[in-house]
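For clarity, every value in this text was computed on a predicted model and none was experimentally measured. Below, all heavy atoms of this structure are taken into account, side chains as well, without hydrogens, waters or symmetry copies. We count residues from 1, following the sequence as given.
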Amino acid sequence: MSDLARAAFARSVVRGLDDTPRWLSCRYLYDADGSALFERITELPEYYLTRVETGLLAAHAREIAALAGPSTLVELGAGSAKKTRLLLEAWGVHGRTRYVPVDICGDMLEVAAERLARDLLHVTIDPLCATYEQTFPRLAAQSPLTLCFLGSSLGNLNPGEQDELFATLAHALRPDDHVLLGLDLVKDPAVLDAAYNDAAGVTARFTKNLFVRMNRDLGTALDLDAIEHVAWFDRARDRVEIYARFTRPTTIALAEQGRVFHLAAGELVMTEISTKFRVPVVAALAARHGLDVVRTFGGDAHGFALMLFRHRAQPPAPRPDVIAKRRLGAARARTLELVAPLDEAALTTQWSPLMSPITWDLGHIANFEEQWVRRAHTPDRRRDDPARQRDHLYDAVAHARATRGTLPLLDRLGALTYLEDVHRQTSAAIDRATFASGDALLRDGFVHAMLAQHEAQHTETMLQTIQLAGIPYEPARRAIPPAARVIVDERRQAHVPAGTSIMGTDDRVLAYDNERPAHEVALPAFRIDVTPVTNRAYLGFVEDGGYRARELWGDNGWAWLRLAGVSHPAGWVRQPDGTWHERAFGRVEPLPLDQPVVHVCWYEARAFARWAGKRLPTEAEWEKAAAWDLERLVPRRHPWGDGPPTPERANLDQRCFAPAAVGAFPQGTSYFGCQQMLGCVWEWTDSDFEPYPGFEVFPYPEYSAIHFGRGYKVLRGGSWATQPLVARNTFRNWDLPQRRQIFAGFRCASDG
């Protein structure tokens, strides 16, 4: 077992034992010994499934081949491909046939491919050693294809995972591609009980082999005699549930992960589920995702079904003009909502040299949109167009923030009117646009997505200004920050093993140029805090004299500290009785100790990390901890997966106007167990803002390129003030190491 595979196994065990109820992934049942045991199971007299499926394939393979037509045969979880041989023989009616067996076991693939190539001369075999998730993006290139998922393997997925699989297939397949599913059907529970509790005890040995493997590969030293196989049919869920029951109190220690789990006598750990299907239910689920039943072979009389689906042409996606208007409209609505409570003075005053007057931000939003709509939709406008006279006024490069209060800015009404006029002009330009053009600005609505993100970023900037101003601010809506839903040890660090991962993205619709291109990064093993550093932890640093310990700060940090004269995070207020409070948006309230610390600069974050005997993570480490899925070997768009942000997953979208308690979002946990990596606070990293290898400027250098190599430090993750359109694992924020106005905190890392 490779070090990387062992690390994935260990991490999977931690994820399962950390959950309630506890579980272990069934994929780790299938090492060499487990696979051999499963082959024996398929031959047992009680285990009907393989015999019935093989019989249906033998009887109907030619009919399936005729219905599917000439196509590449792609099989997920191919294994030994014994049953698939029947399909491949039938596919010979189409002449030369291409077969792509997919499995994560390279040795088994090689053996199966050699055997088939020797026996089936009409078949070209291109084995693919990959996870399902790595395979799906490659399916379109195989079209026309028939995708096989046999052995009722769909039943090992829970309902949410089944729905996700169908959704992924709907996106990956082309119209008229086919899917062949083998599905075990609901039947007499006595038959199921016999099949999953066989008289010879082979299934029990199969379950126990998972713990044999844990002892061998992870060094868990479990007493195997204290583990029993238990399986029963859950009528409410139409599934067989298989557990390991611990007959004595048991400790499972995973040294490298730094985790110890204590299991009580009689405690159950789920090792596998096997859903038993109903044909109409599966047909309805597939139909929701564009897969229509061509024919069903077998059925209730057999207790098993082969279902052949055809992928129908999907209804057209929402038109680019509709998406563009929706994004821009949502961003504008949030801007207007944010400034609605502010009067003339609040909008036009320059409250800090770090920040623009808010009316400058409003005018800049309008002017930026005006300029880019002009470039994208009417690029031949004359250079002396009167509209261009505003461009210099709102040029962020030409005018430093500290000087913007001296400019002839619009008043409150003028700024809002400018926003309205430009929005109306943009809407008209979108109505006239041809999004299928070769123009990279218009293709897929890139320019409008950029404008919406730009406006979303400026609403966060304006909230920073309001916070610095110290003026009372009561937004139209403000939710109470969520309390912890799970207990998390703030001191715990997640172990991330050595190896390569994918950093960045090739997305050309939403991602900025500094996020591209996607590239491989090799990192040594490291550890990273499972939560952002809390006010409680940071208070320990303050009270231990952290702001007086020169050795923690470095020369530049100490020079900044002496000049700034600070002794605690911005916004903290010490009361006469010695207690700490926090000032936020005109309110002064007791310091919430269980929330992430906020409004600290990079120097403060680094000093704390040194005080704690740790360091700040690099941005490559941060992104790997947030995005990389070690088992599927693909990056996730968000820490929890590719699904959109929701209030249960992250504190985003200006709902709470404060960070939430650590442990408030267990549904947002990353693969490696890190919480709140998206939302609550931006997180400082130890990295300078530099281009990725292969970086190309698009569409203008002023956004990213002119800031490279200028001393900026990278922040990752997003804060409570970040809008979902901007929130993703690859997004890169940056600022100077002395800046504290950002809603920024941090988490620590350490080597190994």
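- Ionic pairing of Glu589 and Arg583 is not present here: no N-O contact between side-chain nitrogen and carboxylate oxygen is shorter than 4.0 angstrom.
- Side-chain contact, Thr730 with Glu623: no donor N or O sits under 3.5 Å from an acceptor N or O.
- Look at Asp629 and Arg636 and you find a salt bridge, because one of the NZ, NE, NH1 or NH2 atoms lies within 4.0 Å of a carboxylate O, short of that distance.
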* Going through the checks in order, is the side chain to side chain donor-acceptor pair (under 3.5 Å) test met by Asp513 and Ser704? -> CA-CA 7 Å; Asp513 57 3; Ser704 300; 2.7 Å; yes
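- The two residues Gln676 and Cys680 come nearest to each other via the heavy atoms NE2-SG, 3.5 Å.
- You'll find the ring centres of Phe743 and Trp720 inside the 6.0 Å limit.
- Aromatic ring centroids of Trp734 and His707 lie under 6.0 Å apart.
- In this structure, His454 has its ring center closer than 6.0 angstrom to the ring center of Phe368.
- In this model, a donor atom of one side chain and an acceptor atom of the other lie less than 3.5 Å apart for Tyr243 and Glu241.
- Listed here is the closest heavy atom pair of Asn514 and Arg732: O-NH1, 2.9 Å.
- With hydrogens and angles ignored, the 3.5 Å screen pairs a side-chain donor or acceptor of Gln467 with a backbone N or O of Phe585.
- Trp580 and His568 have their aromatic ring centers within a separation under 6.0 angstrom.
- Using a 4.5 Å heavy-atom threshold, the side chains of Asn729 and Pro639 count as touching.
- Between Val496 and Arg527 the shortest side-chain heavy-atom distance does not fall below 4.5 Å.
- Inter-residue side-chain proximity for Asp507 and Arg516 is flagged as unmet; no heavy-atom pair is nearer than 4.5 Å.
- For the pair Arg716 and Glu683, the salt-bridge criterion is not met [side-chain N within less than 4.0 Å of a carboxylate O].
- For the pair Arg649 (side chain) and Pro644 (backbone), a donor-acceptor distance under 3.5 Å is present.
- For the pair Glu604 and Arg740, the salt-bridge criterion is met [side-chain N within less than 4.0 Å of a carboxylate O].
- Considering Arg615, Lys614, Arg492 as possible partners of Asp529, the one that fulfils the salt bridge (Lys or Arg N to Asp or Glu O under 4.0 Å) test is Lys614.
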* Asked: Can Ser750 and Gln493 be said to form a side chain to side chain donor-acceptor pair (under 3.5 Å), step by step?
  -> CA-CA 9 Å; Ser750 55; Gln493 290 192 304; 2.7 Å; yes
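- For the residue pair Asp321 and His448, no side-chain donor N or O sits within less than 3.5 Å of a side-chain acceptor on the partner.
- Under the salt bridge (charged side-chain N to carboxylate O under 4.0 Å, His left out) criterion, Arg728 pairs with Glu515, sequence neighbours left out.
- Separation of the Tyr512 and Phe698 ring centroids does not fall under the 6.0 Å cut-off.
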